[in-house]
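Worksheet: one structure, shown below.
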Amino acid sequence: MLSILCFYFDLRLYLTIKIRNYGNHLMQKISIRNLSEHIGEEITLQGWLFNKRSSGKIKFLILRDGTGYLQCVYFKGSVSEEVFELADRIGQESSITVRGKVKVEPRAPGGYELDATVLTVISEAHDYPITPKEHGIEFLMDHRHLWLRSTKQAAIMRIRHRLIKAIRDFFDNNGFTLMDPPILTPAACEGTSTLFETEYFDLGKAYLTQSGQLYAEAGAMALGKVYTFGPTFRAEKSKTRRHLTEFWMVEPEVAFANLNDDMDLAEEFLEYIVQTVLKEREEELKVLERDTTLLQNVKRPLPRITYKEAVEILRKNDIDFQYGNDFGGTDETIISNQFDRPVMVHRYPAEVKAFYMKRDPENEKLALAVDVLAPEGYGEIIGGSQREDDYNTLLKRIEEHNLPREAFEWYLDLRKYGSVPHAGFGLGLERTVGWICGLDHVRETIPFPRMIYRNTP
RNA sequence: UCCGCAGUAGCUCAAUGGUGGAGCAUCCGGCUGUUAACCGGAGGGUUACAGGUUCGAGUCCUGUCUGCGGAGCCA
């Protein structure tokens with residue numbers, strides 16, 4: 001009996017150790033990123049052949065493992081004939097396993113080098129289309145699935161990921177609850193943009209969401225502070241460096257908040273996410289050759305000007321701007337160029353803004369709205385407002401905009417049962433990534449961009 | 001949707017209306033420290049498509065398609 005019991009515990013202990021080792025395997029695996037901890041050691045790495053150079057009896061294979069790049073050196077005399085021949089034969093992006101001794105080598109890119117003895121091929125590649133030379137944007141976009149392997153694209157993806165994490169951390173650490181809105185919706189949220197349409201069984205048409213905001217408002221009434229973070233869709237035929245048909249948006253919504261609270265939140269949020277990415281993705285920003293001087297300035301307080309003051313700035317810069325219009329891309333650039341950090345423009349004419357925005361009690365023609373314009377011509381990255389919280393006023397707005405009342409009954413209910421002042425904003429993820437990375441087009445900020453003339457790969 | 005620009009080798013680009021080339025990639029050869037390595041050689045073309053002008057069109061004209069840049073719309 002005792003021996004059976006002992007065996008049982010032995011088995012449990014054995015299994016625990018096995019499972020723990022197995023679980024830690026991936027985490028403890030040596031990668032190029034943490035190579036400095038393994039100088040002088042004989043190690044094995046797996047990855048892809050990024051590039052190779054040779055000089056007769058010496059070959060330099062640049063290995064890429066997703067975390068970095070490492071030059072692996074093969075001398076003819078010190079490796080087998082087969083290995084040397086293989087090193088000569090395999091093409092760019094072949095998947096390989098290398099083994100050798102890590103050493104510090106100032107002549108090698110990155111400062112480390114592998115004195116390699118072993119080379120095995122997992123899968124041989126030939127005629128990889130993206131060579132280490134220049135390519136046009138059409139070719140690169142056609143090969144987006146491969147382009148992501150290149151240094152700069154990989155750096156952008158790492159920055160995007162860190163930005164997403166910073167956004168989530170900020171809200172998670174400040175009492176917000178993530179609440180996912182539906183992507184299929186029965187009607188337009190704002191009643192303005194053109195939406196992607198699809199048949200929805202016997203219920204008629206459904207649309208891909210252009211914003212999670214209205215649902216976030218319901219969330220704020222339930223949970224106080226919420227945020228949504230997901231893909232949104234616009235069928236507008238916008239063909240500019242700032243537009244995608246599918247993009248990601250984060251939208252916080254706060255109960256018992258007015259426009260000033262909203263602006264306070266936006267600037268604290270922006271400071272946190274930008275400074276975090278600057279600190280955590282310094283290397284990647286260097287790869288992109290991003291001058292971060294202006295990004296360092298993204299700290300509270302951000303300048304706040306009214307729409308009226310913004311119009312005056314335009315007029316002082318010899319722009320013939322009609323009061324009452326919305327700003328165009330070049331207008332935004334001129335306004336933001338007056339400041340050394342993002343600028344908040346608030347109190348727009350209500351006509352150019354969405355139906356749900358609350359009017360300024362001091363001037364009914366103005367909406368309690370705010371746009372945050374990023375420097376360096378990156379334009380509007382945040383759009384927000386205090387929401388209309390009065391039932392009758394909101395109903396009037398819905399009618400004025402010829403929106404189908406039935407579709408908004410639930411939204412009106414939020415004003416019927418314990419309405420409170422509330423506000424929120426939306427931040428476009430891709431525009432923010434483009435701004436932080438200093439890119440000239442948002443198509444490089446998302447793994448597989450969707451644009452009016454492209455939905456592949 | 002509108003305005004502008006472009007389409008030539010796998011890629012990036014040349015070519016006065018008169019025999020379509022180069023660099024990279026690929027293949028062959030050389031080189032024991034390369035840095036988008038270099039050096040020598042080879043193969044590689046329905047000049048986007050359709051029509052027109054001309055003795056002759058990659059080049060000029062018309063139309064179509066595709067892409068790029070911008071505007072509008074928007075984040």
Side-chain angles (χ1 to χ4, degrees), chain A residues 50-62 69 71-79 84 87-89 91-93 103 105-111 113 115 125-143 146-147 150-151 188-190 192-195 209-213 231-251 325-332 352-354 371-374 377-384 425-435 440-443 445-446 451-454:
Chain A
F50 186 68
N51 195 9
K52 65 176 177 184
R53 293 180 284 269
S54 81
S55 179
K57 297 190 175 60
I58 181 169
K59 294 199 182 298
F60 302 92
L61 271 55
I62 313 298
Y69 302 85
Q71 175 163 286
C72 308
V73 186
Y74 291 86
F75 283 101
K76 189 162 192 172
S78 42
V79 299
F84 199 74
D88 190 50
R89 193 181 76 214
Q92 195 186 345
E93 289 301 320
K103 62 177 192 185
E105 174 54 74
R107 287 174 294 185
E113 190 175 79
D115 203 353
H126 288 286
D127 298 316
Y128 184 70
I130 303 179
T131 60
K133 281 277 179 182
E134 287 164 19
H135 298 282
I137 190 67
E138 184 185 1
F139 180 82
L140 290 169
M141 290 307 291
D142 283 343
H143 296 85
L146 302 176
W147 190 23
S150 71
T151 319
C189 291
E190 301 181 5
T192 51
S193 312
T194 317
L195 304 186
T209 186
Q210 60 171 327
S211 163
Q213 187 212 304
T232 52
F233 307 86
R234 304 281 164 94
E236 298 283 353
K237 289 199 168 180
S238 300
K239 189 177 153 26
T240 81
R241 65 183 68 195
R242 301 185 306 279
H243 288 88
L244 298 169
T245 58
E246 178 183 318
F247 65 98
W248 284 64
M249 192 152 63
V250 58
E251 296 174 285
N325 288 350
D326 206 350
F327 302 123
T330 42
D331 301 326
E332 289 179 348
V352 300
K353 290 291 177 186
D371 283 357
V372 180
L373 308 181
Y378 284 95
E380 183 184 348
I381 49 165
I382 282 182
F425 62 81
L427 170 119
L429 180 69
E430 286 74 18
R431 282 192 186 175
T432 308
V433 174
W435 165 45
D440 61 11
H441 201 300
V442 288
R443 66 188 159 207
T445 64
I446 187 166
M451 294 169 292
I452 52 174
Y453 295 124
R454 176 179 294 280

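Note: hydrogens, waters and symmetry copies are ignored here, and every other heavy atom, side chains too, is used. Lettering follows sequence order; numbering is per chain, from 1.
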Report task. State which of B:G72, B:G69, B:C73 makes the closest approach to the side chain of A:Arg242. Result -> B:C73
Query raised in the report: What's the closest nucleotide to the A:Arg234 side chain, out of B:G72, B:C74, B:G33?
Result: B:C74
Query raised in the report: Any side-chain N or O of A:Lys76 under 4.0 Å from OP1/OP2 of B:U32?
Result: no
Query raised in the report: If we ignore angles and hydrogens, is there a donor and acceptor under 3.5 Å between the side chains of A:Gln92 and A:Thr131?
Result: no
Requested in this report: For each nucleotide in nucleotides 2-15 of chain B, reading 5' to 3', give B when a protein heavy atom comes within less than 4.0 Å of its base, S when such contact involves only the sugar-phosphate, and - otherwise.
Outcome: ---------SS---
Query raised in the report: What integer distance in Å separates A:Arg443:CZ from B:C68:P?
Result: 6 Å
Query - Qualifying residue for side-chain contact (heavy atoms from CB on, under 4.5 Å) with A:His441, from A:Met451, A:Arg242, A:His243 - result: A:Met451
Query - Contact state string [nucleotides 39-48 of chain B, B base, S sugar-phosphate only, - no protein heavy atom under 4.0 Å] - result: ----------
Requested in this report: Could you pick out which residue, A:Ile452 or A:Asn51, lies toward the 5' side of RNA chain B when each is mapped onto its nearest nucleotide?
Outcome: A:Ile452
Query raised in the report: So what does A:Gln92 touch, heavy atoms closer than 4.0 Å: a base, only the sugar-phosphate, or nothing?
Result: nothing
Query raised in the report: With a 4.5 Å limit on heavy-atom distance, are the side chains of A:Phe247 and A:Thr232 in contact?
Result: yes
Report task. Side chain of A:Thr330 only, please: which of B:C27, B:G33, B:A71 is the nearest? Result -> B:A71
Report task. Mind checking the OH-CG spacing from A:Tyr378 to A:Asp440? Nearest 0.5 Å is all I need. Result -> 7.0 Å
Query raised in the report: When all nucleic acid strands are considered with a 4.0 Å heavy-atom cut-off, which category describes A:Thr232: base, sugar-phosphate, or nothing?
Result: nothing
Report summary line: Per atom distances to the A:Ser238 side chain, the nearest of B:G33, B:G72, B:C74 is B:G72
**Report entry** Ionic contact status for A:Asp142 with A:Arg454, cut-off 4.0 Å
**Finding:** yes
**Report entry** Pair A:Lys353 + A:Asp371, salt bridge at N-O below 4.0 Å
**Finding:** yes
**Report entry** Any strand: nucleotide that pairs with B:C68 via Watson-Crick or wobble, under 3.5 Å
**Finding:** B:G4
Report task. Go ahead and name the base partner of B:U34; Watson-Crick or wobble counts if both distances stay under 3.5 Å, otherwise write none. Result -> none
Query raised in the report: Hey, what do you get for CG (A:Asp326) to CG (A:Asp331), rounding to the nearest 0.5 Å?
Result: 9.0 Å
Query - Those residues that, when tested against A:Phe60, pass ring-ring contact (aromatic ring centres under 6.0 Å, His included) (two or more places apart) - result: none
Query raised in the report: Any donor-acceptor pair under 3.5 Å linking the side chain of A:Glu430 with the backbone of A:Arg443?
Result: no
Query raised in the report: Is there a Watson-Crick or G-U wobble partner for B:G23 with both distances under 3.5 Å, and if so, which one is it?
Result: B:C11
